[in-house]
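Here the structure comes first, spelled out in structure tokens, and everything after it is commentary.
All chains are named by letter (A, B, ...) in the order of the sequence lines, taking the proteins before the strands, and each is independently numbered beginning at 1. These numbers come from a predicted model, not from an experiment.
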Amino acid sequence: MAEVPNKYEIKEVEQKWQSFWEDNEIYKSKINKNKKKYSIVIPPPNVTGILHIGHILNNTIQDIYCRWKRMNGFEVCWVPGTDHAGISTQLMVEKDLATQGIKKEEIGREEFVKKVWEWKEKHGGIILKQLKKLGVSVDWSKERFTLDEGLSRAVKEVFVDLYRKGLIYKGKRIINWDPITKTALSDDEIEFKELKDKLYYVKYPILDSDEYLTIATTRPETMFGDTAVAVNPLDNRYNHLTNKTVILPLVNKNIPIVFDSYVDMDFGTGALKITPSHDMNDFEIGKKHNLPQVNILTKDAKLNENGLEFQGMGVNEARKKVVRKLKEEGYLIKEDEYIHNVSFAQKSGATIEPMVSDQWFVSMKKLAEPAIKVVKEGKIKFYPDRYTKVYFHWMDNIRDWCISRQLWWGHQIPIWYKKDTGEIYCDLKPPSDIENWIQEPDVLDTWFSSWLWPISVFGWENKPNEDKNEQLNYYYPTDFLATASDIIFLWVARMIMAGLEYRKDIPFKEVYFNSIVRDGKGRKMSKTLGNSPDPLVVMDKYGTDALRFTMVYLAPLGNDVLFDIDKTEIGRNFVTKLWNAGRFLLMNKAKIYESDEYGDDVLKDDFTDKWMDSRFNSELEEVEKCLSEYKLNDYTKALYNFVWSDFCDWYIEILKIKIDKYPKSAKYIIDKALKIYEDIVKLLHPVIPFVTEEIWHILEEGRDGKSVSFSEFPEIEKDKINSESEKKFEIFQEIVSGIRNLKAENDIPYSEKCKVYAICSNDIAEKTFDEYNDYIFSLCNLSTLEKIKKLDGDKYLSKVLADFEIHIPFEVNEKQIEKYKKEIENLEKYIANIDKKLSNQNFVEKAPKELIESERAKREEAMGKLKKLKKLV
RNA sequence: GGGCGAUUAGCUCAGUUGGUUAGAGCACUUCGUUUACACCGAAGGGGUCUGAGGUUCGAAUCCUUAAUCGCCCACCA
């Protein structure tokens, strides 16, 4: 038998098993047609990112399912990998080069991309090493990267295919321009922030008239791009301005007044300046009225040659100067304080400038239709369910997806323009006479590779031959996706569309949106606040199992988790408790096995064993239910309570008495307990893999080279669930707690052995008492425990329970009398309440019979108690 | 502006289809170092469920409404 170490050496043990799992590649998955498969693809983190606390929860959830399914005999395949994260990575490298005084334009595209790859080799993949420490049971042999050869090929396949189907087009549109990274962004990559600004009222002179038309704007500096002023056709103030023209101040250009119902009469002056090149709505109005577009900004958001003397100024500087000039020339009427929303780039933080430019788009409507259908039909389920609504709302109003990015790091678009004719060529391979062509310089949005992830990771390089791709046919569709809810549109929805378009099948069956992790005060984790704990530090301090357990324990489905480092104590303490329970059982086993005084006098399963069998199987039922319904924190909570309270506080405590009392049966008693313990360890393995692996190996010799993660998950034995055993045990607990309580209330130390008389109130109490009075005696530390029919004399401390009266011979004190009185008062209130119900005609007529019966029973019980209590006062 | 979620003990949260004297963990109080565990054990105090209406024999639970907090979508210059 393996030696039982005293202390659980967290770091050492976790390190040992992590290496064992990895070195032996035990989680490598092979196609096995005889087994049901269970596959998951990891949400690929940024290749240069580092592990943060949110990753812990997300990956632990996936790991729980992989380990659980594996123990249930599934062929489990969890594919890891990373994302090239176009914008973030390019920004990072640009910044790094800047410290060396190098600008990317100086070294050119090819050299720059080389530098990014070097950066990726040097700094990339750290996050995967960190995930290894977390104990994720992924198949490392299948690791992929969104820019590796195979995935790049898949991206091209899809681009070319969509282009040929007419679903990808190039268009001059107004897009979100990020002046820092100098690229277009999709609508989903920007966010709005409330800003305190000014609303300026500027008058535009009306041609051939003394009149002015006053407009209100927050962006006077864009006036150089104005090509009209719009008013509402129903606005009586401006009826007379039909076919009139205004003179654009400073520029002295004539622009028309147009009438459009879009204009809100109640806002500002009811007159709106129209800048089609630099405002989303103005762009639409401009198109409707055939207005020209005048671009006034350079790619880094400075005024261009159209900006007169303001050319070369940044937007903010230009605004100040333009306002000053307008004031000087008498065009500025007033300025008001104004709070409005301004859009920013999520990644770079730049203020977005809407600009008109040539970009590539995916036409989404047609792709969205089947993707809406599968969710409607319940083929894909979201947890929590409310995200289906969010999904439908976005999908029903889907807009075309701007996929071109003016970056260098990413998949360059497989489009070539003929130098002389401008003819467009689109294919996987460049044209043969490449010298006559120029490739589109733009790269694709990072999500254009991510949306293929569940397909492409299985080796979908060669679409035409996909039928022969065994991996894909076996593992696709995947079974489960765990991700954060903020990428439901960016990623989840698009994967569904891509899956249906390219595999004619959903990419996953169930989507779990895990909680957002916040700090203890409910604030978002952020670098600037410095409130984001480093998971590696936490793992170091408390152990990886502890962190995993705590995160899941605290994270309810659909709500945020408030996480503090200190809270990891929950998991750490639990792991220690589990460990110590095992240590205790094994120590006893060692003692018993080396002595021969323990014979065959076997005490077959007694009431505690029957109770434990029943409880364990109910617990197992609960565990399966929680896991299949994705109630992960209930899964951990159920086991936490079961292990701590039922198994340790009651079962093991009684076991101590049992082996003392029946030494000859000790072997049987300990083995029985160890069997339950081993099953508990298995139930906990999915969430705390390290400690359970260690325990499993200590429990039995000869498990070298094996892993608990491939052992069988316990099966429910329904016939062992027995409500009578549980009821009896509850009555037993009632009297034990009652006596302890009575002692404690009266300052009788637990160590002081005292005398207790018990009167049983019913048959089942009588039976329970007779059978188990030895245990009651020991657990309460008594000198005598006697069953009586009637009490003699009146010098007792007493307690009336549901099934028992207990009495300790003692001088009665005032304090105790007060207690009785208070309890009598409570009982009277309680009974009055029931009487009120029972005397209510409506209740008696309408309530279900069982309920009325149970109310009557409750009343009777309370009355009994009351009578007995009254005797004591 | 539209939608969603939350509001239960000092704190963090459970509470299934309306029917329990409303639960847990942490914190707190008292007792306890009895040979698994002080990262422990035993016992205890503490809430009428954000406010106001309503439905019902019966509401923490259903409806209406208000307030507060949070999130998502839209982006009226």
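Atom P of nucleotide B:G25 and atom CZ of A:Phe549 are separated by 13 Å, given to the nearest angstrom. Rounded to whole Å, the distance from NZ on A:Lys625 to P on B:A14 is 16 Å. Rounding to whole angstrom units, NZ of residue A:Lys858 and P of B:G19 are separated by 11 Å. Counting to the nearest Å, the C1' atom of B:G3 and the NZ atom of A:Lys389 are 8 Å from each other. In this entry the distance linking CD of A:Glu828 with P of B:U21 reads 17 Å, nearest Å. The CD atom of A:Glu194 sits 15 Å away from the C1' atom of B:C71 (whole-angstrom rounding). Atom CD1 of A:Ile570 is separated from atom C1' of B:C40 by 17 Å (rounded to the nearest Å). Atom P of nucleotide B:C40 and atom CZ of A:Phe584 are separated by 17 Å, given to the nearest angstrom.
With hydrogens and angles ignored, a donor-acceptor pair under 3.5 angstrom links the side chain of A:Lys577 to the base of B:C37. Counting distance only, with no hydrogens placed and no angle test, the side-chain atoms of A:Lys656 and the base atoms of B:A36 include a donor-acceptor pair under 3.5 Å. A:Glu653 contributes a side-chain N or O that forms a donor-acceptor pair with the base of B:A36 under 3.5 Å. Remark: the A:Arg386 side chain and the B:C4 base include no donor-acceptor N/O pair separated by less than 3.5 Å.
Mapping A:Asp634 and A:Glu745 onto RNA chain B by nearest heavy atom places A:Asp634 closer to the 5' end of the strand. Comparing A:Asp486 and A:Asn341 by the nucleotide of RNA chain B that holds the closest heavy atom to each, the one mapping nearer the 5' end is A:Asp486.
Among the nucleotides B:C13, B:A43, B:C73, the one closest to the side chain of A:Phe489 is B:C73. The side chain of A:Tyr262 has B:A77 as its nearest neighbour among B:A77, B:G25, B:U12. Set against B:A36, B:G70, B:G41, the side chain of A:Asp649 has B:G41 as its closest nucleotide. Here B:G19 is the nucleotide among B:U12, B:A36, B:G19 with the atom lying nearest to any side-chain atom of A:Leu851. Set against B:C4, B:A6, B:G19, the side chain of A:Asn559 has B:A6 as its closest nucleotide. Side-chain atoms of A:Phe192 lie closest to B:C75 of the nucleotides B:G19, B:A43, B:C75. Of the candidates B:C37, B:U16, B:G25, B:G25 carries the atom nearest the A:Tyr640 side chain, counting heavy atoms from C-beta on. Residue A:Phe267 has its side chain nearest to B:A77 when only B:U34, B:A77, B:A6 are considered. If you check B:A77, B:A36, B:G19 against the side chain of A:Asp264, the one that comes closest is B:A77.
OP1 or OP2 of B:A74 sits under 4.0 Å from a side-chain N or O of A:Arg399. Contact between the side-chain N/O atoms of A:Tyr553 and the OP1/OP2 oxygens of B:A24 is not found at any separation under 4.0 Å. Within the 4.0 Å cut-off from OP1 or OP2 of B:G58, not a single side-chain nitrogen or oxygen of A:Asn842 is found. The shortest distance between the side-chain N/O atoms of A:Trp644 and the OP1/OP2 oxygens of B:G41 is below 4.0 Å. OP1 and OP2 of B:C40 both lie 4.0 Å or more from every side-chain N or O belonging to A:Asn580. An OP1 or OP2 oxygen of B:G25 is reached within less than 4.0 angstrom by no side-chain nitrogen or oxygen of A:Lys637.
The base-pairing partner of B:C49, taking Watson-Crick or G-U wobble contacts with both distances under 3.5 Å, does not exist among the strands shown. Applying the Watson-Crick and G-U wobble criteria (two distances, each under 3.5 Å), B:U68 pairs with B:A6. Summarising the base pairing, B:G1 is matched to B:C73 through a Watson-Crick or G-U wobble pair whose two defining distances lie under 3.5 Å. Using the Watson-Crick or G-U wobble rule with both distances under 3.5 Å, B:G41 pairs with B:C31. Across every strand in view, B:G18 sits unpaired, with no contact that passes the Watson-Crick or G-U test at under 3.5 angstrom.
Ring planes of A:Phe732 and A:Tyr775: perpendicular class, angle over 60° (limits at 30 and 60°). Using bins of under 30°, 30° to 60° and over 60° for the plane-to-plane angle, the ring pair A:Tyr338/A:Phe267 lands in the perpendicular bin. The aromatic rings of A:Phe647 and A:Phe642 lie tilted to each other, with the angle between the two planes from 30° to 60°.
Side-chain atoms of A:Ser515 and A:Asp560 include no donor-acceptor pair closer than 3.5 Å. A:Ser778 and A:Lys656 form no side-chain donor-acceptor contact under 3.5 Å, judged by distance and modelled atom types alone.
A salt bridge does not link A:Lys858 to A:Glu861: none of the charged side-chain nitrogens sits closer than 4.0 Å to a carboxylate oxygen.
When the P atom is used for both B:C39 and B:C4, the distance is 48 Å, rounded to whole Å. B:C72 and B:U64: their C1' atoms are spaced 25 Å apart (whole Å). When the C1' atom is used for both B:G41 and B:G46, the distance is 22 Å, rounded to whole Å. Separation of the P atoms belonging to B:U7 and B:G15 is 10 Å when rounded to the nearest angstrom. As rounded to the nearest Å, B:C49 and B:A74 have C1' atoms that lie 36 Å from one another. Atom C1' of B:U21 sits at a distance of 25 Å from the matching atom of B:A27, rounded to the whole Å. If you take atom C1' in B:U55 and the same atom in B:G18, they sit 11 Å apart, rounded to whole Å. Across B:A9 and B:G44, the matching C1' atoms stand 15 Å from one another, rounded to whole Å.
Residue contacts shown for A:Ser737 are limited to sugar-phosphate atoms, with no base heavy atom under 4.0 Å away. Using a 4.0 Å heavy-atom cutoff across all strands shown, A:Arg572 reaches at least one base atom of the nucleic acid. A:Pro556 comes within 4.0 angstrom of the backbone, heavy atoms only, and of no base. Residue A:Lys829 is classed as having no contact, given no heavy-atom separation below 4.0 Å to the nucleic acid. Within 4.0 Å (heavy atoms only), A:Val263 reaches at least one base atom of the nucleic acid. Using a 4.0 Å heavy-atom distance criterion, A:Leu562 is classed as a sugar-phosphate-only contact. Counting any heavy atom pair closer than 4.0 Å across all strands shown, A:Tyr387 reaches no nucleic acid atom. Residue A:Thr218 is in sugar-phosphate contact alone, with no base atom involved, counting any heavy-atom pair closer than 4.0 Å across all strands shown. Residue contacts for A:Asn741: at a heavy-atom cut-off of 4.0 Å it reaches the sugar-phosphate backbone alone, with no base atom in range.
For A:Lys11, the NZ atom counts as loosely surrounded, since its 6.0 Å shell holds 12 or fewer non-hydrogen atoms of other residues, nucleotides or ligands. Heavy-atom contacts from other residues, nucleotides or ligands closer than 6.0 Å to NE2 of A:His340 number more than 12.
No donor-acceptor pair under 3.5 Å is formed between the side chain of A:His278 and the backbone N or O of A:Met355.
For A:Tyr391 and A:Tyr387, the distance between ring centers is not under 6.0 angstrom.
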